[in-house]
Structure formats: C-alpha cells, structure tokens
Amino acid sequence: GEPRLIHQAKLSAACAALSADASTMVIMTKERSGSLDFNLLAFDVASGDQIAELWDEGGSIQAVGFTPGDARLLANTNQSGAYRPVIWNPRSGERIDLALDELDGEVTALDWSPDGKRILLSQMSNAVQRLYTYDLTTQTLTALDHPAGVFGSSWLPGVYFLSDEEIVAAWQSSAQPHCVIALDSHTGQITRELIPASEQPASRPRTSITFASSDGQAVQAWLITPEGEGPFPTIIHTHGGPFLVDTDVYYPSAMMWVDHGFAWCSVNYRGSTTFGKAFQDKILHDLGHWEVEDVVAAHQWLVENKIAKPDQVLFTGRSYGGFMTLMMLGKTPELWAGGMGRVAISDWAINYEDSSPLLQSAFKTWLGGTPDEQPERYQKSSPITYAENVRAPLLIIQGRNDTRTTARQIEIYEQQMRAWGKEIEVVWFEAGHMANYVDARLDIAHHQLMLDFALKVLGRA
C-alpha cells in the first residue's frame, strides 16, 4: 500500500514498536524534553490518531516491544537514576514498574517470553553484564548461570527468547570471538552453538579496574597487560559516542597493542552509559571537562600501580574518542608521548556548520544550543582552543566524506598546528565515518599506521 504519515518531529525520534495485531504503534521522541531524554507516544494505526503518551519527568523512557498476544508494551526508564523495566498498556493506561531493588547498576528489559509470562533482563554493573528472567505471575527473579562476557552489543540487544525454553544470544568476551549460542531459559546454561566463532588468534582476558576521579567519583576501566613484569609502554583508549560504554568484548585492536608489548586501558569516562543517569549526563553542556578528569585519573592509577611507564603513554580513540585524543593532548600535554585520533572533532562550531540537521540537533542537545547561542561553550569544548599547548606528536586518520566528524574542521586544525610548528600527520581516506566497520582492509591499514606511528614515537621502529 501507499506510505502514510502518522507523525513527524523536529528533534530525534524513532519508530519503536508495533503491536502483534498491528493496531498500535509506539514511537520514541525527544520533543518534550529537548534533551537526551525520550518519551513515548502511542498511535492507533488505523486512524493515525495519538491515543496515549508516557513521559517520566527528569528521565528517559525507551520502548522494547509489545507482548506476543496483547497491548502491553515493555520499556525501560531511568527516572530513578538508573534504568529499570516498566510495563505499559497504552490502550488501558495501566503501568507497572519493576523496581528490582535487589539488583544494583542498571537493569533493562530485553524481551518477552513467547507465552508473555516472563521477561528477559540484562543487568549492567561496573560495565559487567548479567542476564536474568523475571516471572510476572510469581514475581520471581532468576539469575541465569551463563558464561561470562557480553550478550548483544551497545548498538543492538542481540538476546531474545527463541522459545519458552530457549534464549538465543550473540555472545563474546575479551577471550571469546563473536558467536551465536542458545541458552536454557530456566538455567542459562549453553544448550547448543548456532553460529560458531571464526578462527582467531588467542586473546588475553580483560581485567576491570576502578579508581577515583578528581571529584571522588568512581570510574571504571578495562585493563590488559602483556606477559612479563611492568611497567610497560601503555595505550589509553576511550570509546566513541559519547553515550556508549566499553564492555568485556572481543577487541582485536587491543590485542594488537598487547602483542607488541603495550599495556592497554580503556576508560569508561563520564558520559558512558550503564553507570546511572547522573554519571551519563554529567558532561552535558561541558564536553571535554569531566571526561578529561577521568582519563587523567586513569593515567595516574596506571603509573602509581607500575603498569605504565610515565614517559611512554599514548592516547587513542575513534569518533568521540578521536575528539578526546585531541582534547587530552591539548589540555594535559605533559602526560603523553603521542596521540592517535581517528575520525576526530577539533572544532564543534565548524563541525556543526558542516553537519546534517540530525547531527546538529544532537550537538545542540549536548552543548545547550547552537554555536551562535552558546559560543563560549563551543569554544571551551573544542580541542583547537588548546592546540597551541600540544607537545607530543599527533596522528589523525580522517574520512574525506565523513558527515559526522567533518573534513573542514580537521583541515583548519592541521593548518593551525603546522603554523605553531607542531608535529602532526593527517592521513585522509576516501570514505565516511563508519567505513572501517564495513571494510576490514581499511581498518587493518589504519591500525598498521597507528602501530608504526607509536613504535616510531617510542624509538622502537
């Protein structure tokens, strides 16, 4: 049939769920909050009329899906400060919140059982994941005895009820490459392997560490060390986003560094998800402040614990991690032997000018307005403001056709750095922001560039 417009929004929105009988549709939108927080709008599909709204003041509520048999919607809300499941019937208005006070961290609903009696739950505490089921009839929470690691990813749930008796899961860990397995839905034990992992070199497991940032906030990070006694030359890494999280995933990039004698540490800085709403929202309107403080604390912990050689620590990251690379070298120049930023941001105002309307709406949320409305915030949060302070050699790998971290702002940054006599190399590739995710050859080439750069900086080339 012909497509039919039901709703449109000026800010971010997403079609979230359609009921099994196709009578009810729910979307998530940021129109009400004007910030990171979603509310839910329910529509009657036949008429196109809005029939209900679910809005948690001061929180974000995100839809998961309808039951297989009726109009109950499974969602997650962080109004309490950490995500918890909620069941909402937009037709009747009934709402049930599952507090699950016995679990710490963030607890999110992933799926309904086919009979609609149980819910599959994921708990994230200090970036470590555990799976549970919750029986709505008996109000019983059951911890699943599954293998350690990560189920799904930060992008997609990847864990579902296959039947009332089995759960299918995309599974990985720092020592286990991606595969797809089935778990007994009552015990969590592996029942069969559906898609095996590809053959990969052996990997060393990650260790979770925690340390205090400058304001006393506990910050979590992942650490891998090579064989032998430290201290070691060290790579400090931060994830992109910023509103993502690094977990116990299989990460060949980390092992590349470890195989060459580096310790590797990935910091879940303020802004990372799964540590609570206050932790996540702390960076809003002040990008590049608390994230920097958290990385400085990680650097200090690694040196004090004789993991890192103080004069042989390099920083790297991709996307928002690329922004962090430039920010760290400019704001804390004395800490770094070198930096390697991929698809980075150097100037938020220029990046705003050259970005799509969708990205502009995100930048307005993050910085509290447009560059004209908040010029001081954009300047304070831009690495180019601190570029004159950079001491260490810097490698930037940037896409010519990137619409998220655009080309012009890096060209201007490079010109300014060269005018100050800084040691900078910019390598351009003819693709966009996510190119390395779809072309492994490009990703391998970029890692070879970074490894060669790091070895040269440390005099090991």
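Source: prediction; values computed, not measured.
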Any side-chain donor-acceptor pair under 3.5 Å between [X] and [Y]?
X: Glu304; Y: Gln300; result: yes
X: Gln220; Y: Ser208; result: yes
X: His447; Y: Ser253; result: yes

Worksheet item: Excluding sequence neighbours, so at least two apart, what forms side-chain contact (heavy atoms from CB on, under 4.5 Å) with Leu358?
Response: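 side-chain contact (heavy atoms from CB on, under 4.5 Å) list for Leu358, sorted by chain: Ser12, Ser356, Ser361.
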
Report yes or no: does [X] contribute a side-chain atom to a donor-acceptor pair with the main-chain N or O of [Y] at less than 3.5 Å?
X: Ser346; Y: Gln409; value: yes
X: Ser319; Y: Gly321; value: no
X: Asp184; Y: Thr187; value: yes
X: Thr234; Y: Phe232; value: yes

Less than 6.0 Å separating the ring centroids of [X] and [Y]?
X: Tyr250; Y: His178; value: no
X: Trp348; Y: Phe363; value: yes
X: Trp366; Y: Phe243; value: yes
X: Tyr251; Y: Trp264; value: yes
X: Phe315; Y: His299; value: no

Fill in: Atom of Thr405, atom of Ala344 and distance for their closest heavy-atom approach
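Of all heavy-atom pairs spanning Thr405 and Ala344, the closest is CB-O, 3.3 Å.
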
Practice prompt. Over all heavy atoms of both residues, which pair between Asp111 and Phe161 is shortest? Give the atoms and the distance, please.
Written response: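 For Asp111 versus Phe161, the nearest heavy atoms are OD2-N, 2.9 Å.
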
Fill in: Beyond-backbone contact of Trp428 with Ile397, side-chain heavy atoms, under 4.5 angstrom
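No, every pair of side-chain atoms sits at 4.5 Å or beyond.
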
Practice prompt. Sequence neighbours left out, what passes side-chain hydrogen bond (donor to acceptor under 3.5 Å, both in side chains) with Asn39? Give chain and number order.
Written response: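 Result, side-chain hydrogen bond (donor to acceptor under 3.5 Å, both in side chains) vs Asn39: Glu53.
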
Worksheet item: Which residue pairs pass the salt bridge (Lys or Arg N to Asp or Glu O under 4.0 Å) test when at least one of the two sits in residues 353-367, sequence neighbours left out?
Response: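 Qualifying pairs: Glu353-Arg408, Asp354-Arg408.
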
Worksheet entry | Salt bridge present between Lys331 and Glu291 (N-O < 4.0 angstrom) |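 Salt bridge absent between Lys331 and Glu291.
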
Worksheet entry | NZ/NE/NH1/NH2 to OD/OE distance under 4.0 Å, Arg32 and Asp56 |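 Salt bridge absent between Arg32 and Asp56.
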
